[in-house]
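Comments concern the structure below.
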Amino acid sequence: MISPKNTLYYIHDPMCSWCWGFNKTWKKVQKLLPNSINVYYVLGGLAPDSSEVMPNEMREYVQANWKKIQEKIPNTEFNYDFWKECTPIRATYPACRAVIACKNQNPELEIKMINLIQQAYYLEARNPSKDSTLIELASTLNLNIEQFTRDLNTKVTQQKLLDDTTLAKSLSINGFPSLVLRKNNSIQHIKIDYNQPKLIINQIIT
């Protein structure tokens, strides 16, 4: 349930590389937010389910994007061994459903699950497009892993993901990550600066 307070929507995907790069600044933004602002995470769903191996052209594009992020956002780490050790699949819906399945049991672990997925993908060269990887990550949390495994691919979980993607589209965003402030029944798109949290905060509290 979304709080009746003013809401800052954070539209993201756990396998979005720009979201990974934004992490440090985003954490600083949250610390600077006034208590009157409620943060609500929205799963944008970057890439739908697929079993097809990522073509070479897409692999080169994603790796080039990682390098671009490292140039734009200093100290952002990527483990390029992923491309040697894993068979990449262009599917982020499984990771999104894992966040929902975790949140279903304990909403307080939502962000922890997102962080685990990001660390597995970008630092540990593990593949979050695979259910087995997601179950392994969930098993490190205080969850009923049998329930998590069941919830991961249910119609209810998929519908919750589609509800999130519908909400993201209704907010008229252009990509991930995005920040949208709902305040006094009006919508304001917050311009993201990947290195300066105060430039973001100044848009929110003015």
Side-chain angles (χ1 to χ4, degrees), residues 1-49 65 69 72-73 76 91-118 121 128 141 151-152 154-206:
M1 181 66 68
I2 301 175
S3 169
K5 294 193 297 183
N6 297 327
T7 301
L8 180 64
Y9 295 103
Y10 177 56
I11 302 96
H12 72 106
D13 188 292
M15 292 180 67
C16 160
S17 50
W18 284 99
C19 297
W20 170 244
F22 185 50
N23 262 356
K24 293 178 182 178
T25 296
W26 172 230
K27 289 176 182 176
K28 292 176 182 177
V29 168
Q30 291 180 85
K31 289 181 180 179
L32 296 171
L33 283 173
N35 292 331
S36 59
I37 301 291
N38 176 60
V39 175
Y40 189 81
Y41 281 70
V42 181
L43 290 159
L46 184 61
D49 292 303
N65 206 37
I69 292 167
K72 183 165 184 175
I73 312 171
T76 302
T92 71
Y93 274 29
C96 291
R97 285 194 296 268
V99 174
I100 294 170
C102 175
K103 185 179 178 181
N104 183 53
Q105 285 194 51
N106 187 345
E108 294 182 359
L109 293 177
E110 175 186 18
I111 297 173
K112 180 65 176 175
M113 187 67 194
I114 294 168
N115 291 336
L116 285 175
I117 293 170
Q118 291 177 323
Y121 184 23
L141 299 174
D151 289 347
L152 192 53
T154 64
K155 291 182 179 179
V156 173
T157 301
Q158 176 66 7
Q159 186 57 54
K160 288 182 179 178
L161 172 55
L162 295 178
D163 290 344
D164 264 25
T165 59
T166 298
L167 174 58
K169 290 176 183 176
S170 74
L171 294 171
S172 300
I173 63 166
N174 294 318
F176 311 128
S178 287
L179 291 171
V180 180
L181 179 64
R182 172 173 284 167
K183 192 174 183 181
N184 300 324
N185 294 320
S186 65
I187 293 293
Q188 177 186 353
H189 290 84
I190 305 299
K191 184 178 180 181
I192 285 180
D193 188 294
Y194 287 92
N195 297 300
Q196 299 188 60
K198 288 187 178 180
L199 292 182
I200 297 174
I201 282 293
N202 287 343
Q203 299 172 70
I204 296 170
I205 62 176
T206 52

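Quick caveat: nothing in here was measured; it's all calculated off a predicted structure.
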**Request:** Show your working on side chain to side chain contact (heavy atoms under 4.5 Å, CB included) between Val42 and His12 and close with a plain yes or no.
**Result:** CA-CA 6 Å; Val42 181; His12 72 106; 5.7 Å; no
**Item:** Worked verdict on Leu109 versus Lys103 for side chain to side chain contact (heavy atoms under 4.5 Å, CB included)
**Value:** CA-CA 6 Å; Leu109 293 177; Lys103 185 179 178 181; over 6 Å; no
**Request:** Would you please test Val156 and Asn104 for side chain to side chain contact (heavy atoms under 4.5 Å, CB included) and show each step?
**Result:** CA-CA 11 Å; Val156 173; Asn104 183 53; over 6 Å; no
**Message:** Does Leu33 form a side chain to side chain contact (heavy atoms under 4.5 Å, CB included) with Ile201? I'd like the steps, not just the answer.
**Reply:** CA-CA 7 Å; Leu33 283 173; Ile201 282 293; 3.8 Å; yes
**Message:** Pair Ser36, Asn6 - check side chain to side chain donor-acceptor pair (under 3.5 Å), show working.
**Reply:** CA-CA 6 Å; Ser36 59; Asn6 297 327; 4.9 Å; no
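Closest approach of Pro177 to Phe22, counting heavy atoms only: CG-CD2, 3.8 Å. Considering all non-hydrogen atoms of both residues, Leu152 and Pro94 come closest at CD1-O, 4.1 Å. In terms of heavy atoms, Ala95 sits closest to Ile117 at O-CD1, 3.6 Å. Closest heavy-atom contact between Thr157 and Asp151: OG1-O, 2.5 Å. Of all heavy-atom pairs spanning Ala168 and Gly44, the tightest one is CB-CA, 4.4 Å.
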Going by atom type alone, with no hydrogens or angles, which donor-acceptor pairs under 3.5 Å involve a side-chain atom of residues 187-197 and a protein atom two or more places apart or on another chain?
residue : atom : partner : partner atom : Å
Gln188  : NE2  : Gln203  : O            : 3.1
His189  : NE2  : Leu171  : O            : 2.6
His189  : NE2  : Ser172  : O            : 3.3
Asp193  : OD1  : Asn195  : N            : 2.9
Asp193  : OD1  : Gln196  : N            : 2.8
Asn195  : ND2  : Lys72   : O            : 3.0

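Counting heavy atoms from C-beta outward, Pro14 and Pro128 have side chains that stay 4.5 Å or more apart. The side-chain heavy atoms of Ser17 and Tyr121, taken from C-beta on, include no pair separated by under 4.5 Å. For the pair Asp13 and Leu43, the minimum side-chain heavy-atom distance is 4.5 Å or more. Two residues are said to be in side-chain contact when any heavy atoms from C-beta on lie closer than 4.5 Å; Gln158 and Leu162 meet this criterion. Under the 4.5 Å side-chain criterion, counting only non-hydrogen atoms from C-beta, Trp20 is not in contact with Ile69. Put simply, the side chain of Met15 does not reach to within 4.5 Å of the side chain of Leu46, judged on heavy atoms. By the 4.5 Å heavy-atom criterion applied to side chains, Leu141 and Leu116 are counted as neighbours.
Under a 3.5 Å cut-off, the side chain of Asn202 and the backbone N or O of Lys198 do form a donor-acceptor pair. Remark: the backbone N or O of Ile173 is not paired with any side-chain donor or acceptor of Ser178 at under 3.5 angstrom.
Within the structure, side-chain hydrogen bond (donor to acceptor under 3.5 Å, both in side chains) pairs that include any residue of residues 21-32 comprise Asn23-Gln118, Trp26-Tyr41 (at least two apart or interchain).
Classification of Asp49 and Arg97 as a salt-bridged pair holds, one side-chain N sitting under 4.0 Å from a carboxylate O.
Separating the CD1 atom in Ile205 from the CG atom in Leu32 is a distance of 8.0 Å, to the nearest 0.5 Å. Taking CG of Asp164 as the start and CG of Leu167 as the end, the distance is 6.5 Å to the nearest 0.5 Å. With values rounded to the nearest 0.5 angstrom, Thr92 atom OG1 is found 8.0 Å from Leu161 atom CG.
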